[in-house]
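Report on the following structure.
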Amino acid sequence: MQAARGASLNSSDSTTSPTDPVERPRARPGALVVFAVIAAVGYTVDVVTKVLAVQHLTGRPPVQVVGDLVTLYLARNPGAAFSTGTSYTLVLTCVAIAAAVAVLWTVRRLRSTGWAIGLGFLMAGILGNLTDRVFRSPGFLRGHVVDFVQLPNWPIFNVADVCINIAAGVLILQAVRGMSVNGTRSRGADPAGAS
């Protein structure tokens with residue numbers, strides 16, 4: 001007998017079904033592995049190349065690797081990309097920490113391989129430059145980022161910068177395709193190919 005109008009007839013009934021749209025899907029293990037591997041490899045390459053650059057380029061004139069096209073030259077950047085914001089190193093450090101936390105927060109819902117690739121490169125780039133700001137001179141959280149690759153008419157950069165640019169390209173592509181971080185495609189997007 002129904003105790004009240006609209007009440008459940010069965011005590012085992014639940015107010016939340018397995019297909020409840022409010023329920024958020026958990027991250028897919030495969031996507032998490034892709035994210036973690038790319039982030040770890042990118043971060044390691046960035047740190048190792050910076051250590052080698054400081055060790056071998058300090059006090060030396062520019063070293064041409066491919067004629068005038070690629071030159072190795074050690075520079076320390078207190079600012080952001082293109083040497084902007086050089087007076088706000090501490091602020092940039094705080095922004096980088098917030099960005100790393102935001103990436104980790106987003107990864108909780110990660111089910112798309114494309115997003116895993118993009119976020120992996122993004123995390124590698126963020127942590128690479130953040131490590132410099134935390135541990136390098138002139139001081140804790142005020143360290144200068146080590147840059148050492150120079151192209152014609154382009155600011156000197158490092159592997160972390162390359163990772164961030166790759167991430168930007170991949171994440172923009174995912175957005176254009178209508179792919180969300182949880183692997184679903186927004187309405188109106190091209191149904192061909194997903195992940």
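Closest approach of P62 to T71, counting heavy atoms only: CB-CG2, 3.5 Å. Taking every heavy atom of both residues into account, D68 and P152 meet most closely at O-CG, 3.5 Å. Shown here for Y43 and G128, the closest heavy-atom pair between the two residues is CD1-N, 3.7 Å. In terms of heavy atoms, F148 sits closest to V159 at CZ-CG2, 4.4 Å. Considering every non-hydrogen atom in both G118 and A167, the closest pair reads O-CB, 3.3 Å. A pairwise comparison of heavy atoms in I126 and A100 identifies CG2-CB, 4.0 Å as the closest pair.
Remark: the N129 side chain and the D161 side chain contain an N/O donor-acceptor pair separated by less than 3.5 Å. Neither side chain, S180 nor R111, offers a donor N or O lying under 3.5 Å from an acceptor on the other.
Tracing side-chain contacts under 4.5 Å through hydrophobic residues (I, L, V, M, F, W, Y), one reaches L104 starting from V134; they form part of the same cluster. In the hydrophobic clustering of this structure, F140 groups with F135; members are Ile, Leu, Val, Met, Phe, Trp, Tyr whose side-chain heavy atoms approach within less than 4.5 Å, directly or through other members. Note: the hydrophobic cluster containing V146 does not contain I156 (ILVMFWY, side chain heavy atoms under 4.5 Å, direct or indirect links). The same ILVMFWY cluster, assembled from side-chain heavy atoms under 4.5 Å apart, contains both V162 and W154. When hydrophobic clusters are built by joining Ile, Leu, Val, Met, Phe, Trp and Tyr residues whose side-chain heavy atoms come closer than 4.5 Å, directly or via intermediates, V48 is not grouped with L72.
Here the options are L141, I97, V145, L92, the test is side-chain contact (heavy atoms from CB on, under 4.5 Å), and the partner is L130; only I97 passes.
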Quiz prompt | Working for side-chain contact (heavy atoms from CB on, under 4.5 Å), residues V54 and R76 | solution = CA-CA 10 Å; V54 171; R76 296 177 187 272; 3.8 Å; yes
Exercise. Apply side-chain contact (heavy atoms from CB on, under 4.5 Å) to V63 and Y73, showing your working.
Key: CA-CA 7 Å; V63 178; Y73 178 70; over 6 Å; no
Exercise. Walk me through it: do V47 and K50 pass the test side-chain contact (heavy atoms from CB on, under 4.5 Å)?
Key: CA-CA 5 Å; V47 170; K50 285 174 177 173; 5.9 Å; no
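To the nearest 0.5 angstrom, L74 atom CG is 5.0 Å from T58 atom OG1. With rounding to the nearest 0.5 angstrom, the CZ atom of F157 is 9.5 Å from the CD atom of Q150. D132 CG to D46 CG: the interatomic distance, rounded to the nearest 0.5 Å, is 7.0 Å. Taken from CD1 in I164 to CG in N158, the straight-line distance is 8.0 Å, to the nearest 0.5 Å. Within the model, atoms CZ of R133 and NE2 of H144 stand 8.5 Å from one another, a figure rounded to the nearest 0.5 Å. Atom CG of residue L119 and atom CG of residue L171 lie 5.5 Å apart, to the nearest 0.5 angstrom.
In terms of modelled atom types and a separation under 3.5 Å, the side chain of W115 and the main chain of A31 share no donor-acceptor contact. A donor-acceptor pair is defined here as one N or O able to donate and one able to accept, closer than 3.5 Å; no such pair exists between the side chain of R109 and the backbone of T106.
Proximity of Q174 to V181: side-chain heavy atoms (C-beta onward) are nowhere separated by under 4.5 Å. Between V70 and L151 the shortest side-chain heavy-atom distance falls below 4.5 Å.
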